[in-house]
A.B. asks: 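Dumping the structure here so I can ask a few things about it.
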Amino acid sequence: MNGARRPVILDCDPGLDDAVAILLACASPALEVRGITVVAGNQTLPKVLDNCLRLLSYAGLGQVPVAAGCAAPLLRPLRVAAEVHGESGLGGAQLPPTDLQPQPRHAVDFIAELLRTSVEPVTLIPTAPMTNIALLLQLHPELKPHIREIVFMGGAAGAGNVTPSAEFNAYTDPEALRIVLRSGLPITMVGLDVTHRALVTRAQRERIRGLGGRIAALVADLLDFYDVHGRARHGEGAPLHDPVAVAQVIQPGIVATRPAVVDVECHGELTVGRTVVDFHGVTGLAANVQVGVDVQAEQFIELVVEALRQYP
Ligand code: BDR
Ligand code: CA
């Protein structure tokens, strides 16, 4: 442990890009990953938990504690993203089974304990539907001072990716996202406006594969799978969403942000899950979110490559 490292908790649904986000965070000398929690999203809870444990085991990260959280959104049925992440949630990757076990308690209890016992406030990095984090804030409002900030991947000021209006994480559990957005905590939103500028090209995937080692090979394979879906929409490469939120915590400023009022639509006929971003102050309310508007894409890829070099 190094006192200069910033303590973080990842809340995720691995998930191809979540897997890369985990590898990036755990390799960073700037971060101390105190725990990883999983939530139903890209796939069902048992699948994302299994993916997380297998990944950590395969990467030699078995010391990082993992806890399983909510199996469904707060109010809605779960809608997984098998068309993007595959039936397993990790594309075509065949990671060996592991003996690693999750914490014997719910993710919300686990995060609450980590926050309560931390000497310094902890940064939360949610890269999945906000179900676990919303529940945490509802059950333990007294722990808000223990949260330094929330830097999340989700939402969009512009077009969505799961409907024309909505981004997947926001769409999956908008009620949970609304609780978080209205929490009064410092929040940075790394949405599609940013992540669609962080496309990983074929050449970059080959560079990663060329690093050698099984983790680089795994990531290159995950990105190949992701690309099949991404290229149909983006032409060249696939957006690597979740690691961009981690990168913003490792290197604040790699994502350029603007303050704005942000809320999320929970009832719209065509717009449910849309994050409504008031850049022009028309609501007259005080800004509650730093909204990501751009990313230094080349630096971001370098961060990912450097992180992957750390694995044998
Ligand atoms: C987000 O949705 C999920 O499919 C990805 O893992 C990412 O968190 C992108 O919209
Ligand atoms: Ca995710």
Side-chain angles (χ1 to χ4, degrees), residues 9-25 36-45 47-49 51-52 55 66 68-70 73 78-91 93 107 124-133 150-174 176-177 180 188-200 219 222-223 225-230 232-234 237-249 255 264 272-275 292 295 300 304:
I9 298 170
L10 311 182
D11 183 66
C12 57
D13 57 344
L16 301 165
D17 55 337
D18 299 84
V20 183
I22 289 170
L23 293 169
L24 174 60
I36 301 177
T37 52
V38 294
V39 63
N42 286 324
Q43 264 299 348
T44 61
L45 188 66
K47 289 185 183 180
V48 297
L49 175 62
N51 290 341
C52 187
L55 175 72
V66 174
C70 298
L78 176 65
R79 173 205 181 280
V80 300
E83 71 283 8
V84 182
H85 298 267
E87 275 309 318
S88 76
L90 274 190
L124 304 184
I125 312 179
T127 59
M130 279 297 189
T131 325
N132 286 344
I133 306 301
I150 297 177
V151 180
F152 79 98
M153 190 284 134
N161 61 356
V162 67
T163 74
S165 295
E167 179 279 333
F168 175 82
N169 292 336
Y171 179 79
T172 302
D173 199 343
L177 179 57
V180 174
T188 298
M189 172 172 128
V190 177
L192 299 178
D193 320 284
V194 172
T195 63
H196 283 179
R197 294 166 186 246
L199 302 181
V200 181
V219 168
L222 295 178
L223 295 177
F225 191 95
Y226 216 19
D227 185 62
V228 173
H229 185 261
R233 291 184 174 188
H234 302 281
L240 195 46
H241 307 283
D242 296 340
V244 184
V246 173
Q248 173 69 351
V249 181
V255 173
V264 58
V272 76
R274 172 152 197 80
T275 42
V295 58
F300 165 67
V304 173

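For reference, positions follow the sequence shown, starting with 1. Quick note: numbers below take in every heavy atom, side chains included, and nothing from hydrogens, waters or symmetry partners. Every number for a ligand or one of its atoms is a count from 1 in the order of the listing.
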A.B. asks: With sequence neighbours left out, which residue pairs that include part of residues 158-172 fulfil the side chain to side chain donor-acceptor pair (under 3.5 Å) condition?
C.D. replies: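 Checked against side chain to side chain donor-acceptor pair (under 3.5 Å) - neighbours excluded - no pair reaches residues 158-172.
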A.B. asks: Under a 3.5 Å distance rule, please check whether Asp242 uses its side chain to pair with a backbone N or O of Ala21 as donor and acceptor.
C.D. replies: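 Such a contact is absent between Asp242 side chain and Ala21 backbone.
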A.B. asks: Could you give the distance from OG1 (Thr127) to CG (Asp11), rounded to the nearest 0.5 Å?
C.D. replies: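 Rounded to the nearest 0.5 Å, the OG1-CG separation comes out at 7.0 Å.
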A.B. asks: Spell out, as yes or no, whether a donor-acceptor pair under 3.5 Å connects the side chain of Asp17 to the backbone of Pro243.
C.D. replies: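 No, Asp17 side chain to Pro243 backbone: no donor-acceptor pair under 3.5 Å.
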A.B. asks: How many angstroms lie between atom CG of Asp173 and atom CD1 of Ile133, to the nearest 0.5 angstrom?
C.D. replies: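 Answer rounded to 0.5 Å: 11.5 Å.
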A.B. asks: Would a distance-only check, ignoring hydrogens and angles, find a side-chain to backbone donor-acceptor pair under 3.5 Å from Thr275 to Ala156?
C.D. replies: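 Checked: pair present.
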A.B. asks: When you check the space around the Ca ion (ligand 2), which protein N, O or S atoms turn up under 3.0 Å?
C.D. replies: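 Only Asp13 OD1, Asp18 OD1, Asp18 OD2, Thr127 O, Asp242 OD2 fall inside 3.0 Å of the Ca ion (ligand 2).
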A.B. asks: Name all residues meeting the side-chain hydrogen bond (donor to acceptor under 3.5 Å, both in side chains) criterion together with Asn42; count only those two or more places apart in sequence or in a different chain, and write none if there are none.
C.D. replies: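 Counting only residues at least two positions away or on another chain, Asn42 forms a side-chain hydrogen bond (donor to acceptor under 3.5 Å, both in side chains) with Asp13, Asp18, His85.
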A.B. asks: Using atom types as modelled and distance alone, determine if a side-chain donor or acceptor of Asn51 lies under 3.5 Å from a backbone N or O of Lys47.
C.D. replies: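 Yes; judged by distance alone, with no hydrogens or angles, the pair exists.
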A.B. asks: Ignoring hydrogens and geometry, is there a side-chain-to-backbone donor-acceptor pair from Gln43 to Gly15 under 3.5 Å?
C.D. replies: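 No: the side chain of Gln43 does not pair with the backbone of Gly15.
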A.B. asks: What does the contact table look like for ligand 1 (nitrogen or oxygen on each side, cut-off under 3.5 Å)?
C.D. replies:
| unit_1 | atom_1 | unit_2 | atom_2 | d |
| --- | --- | --- | --- | --- |
| ligand 1 | 4 (O) | Asn42 | OD1 | 2.6 |
| ligand 1 | 4 (O) | His85 | NE2 | 2.9 |
| ligand 1 | 6 (O) | Asp17 | OD1 | 2.6 |
| ligand 1 | 6 (O) | Asp17 | OD2 | 3.2 |
| ligand 1 | 6 (O) | Asp18 | OD1 | 3.0 |
| ligand 1 | 6 (O) | Asn42 | ND2 | 3.0 |
| ligand 1 | 6 (O) | Asp242 | OD2 | 3.2 |
| ligand 1 | 8 (O) | Thr127 | O | 3.2 |
| ligand 1 | 8 (O) | Asn169 | ND2 | 3.0 |
| ligand 1 | 8 (O) | Asp242 | OD1 | 2.6 |
| ligand 1 | 8 (O) | Asp242 | OD2 | 3.1 |
| ligand 1 | 10 (O) | Asn161 | ND2 | 2.9 |
| ligand 1 | 10 (O) | Glu167 | OE2 | 2.5 |

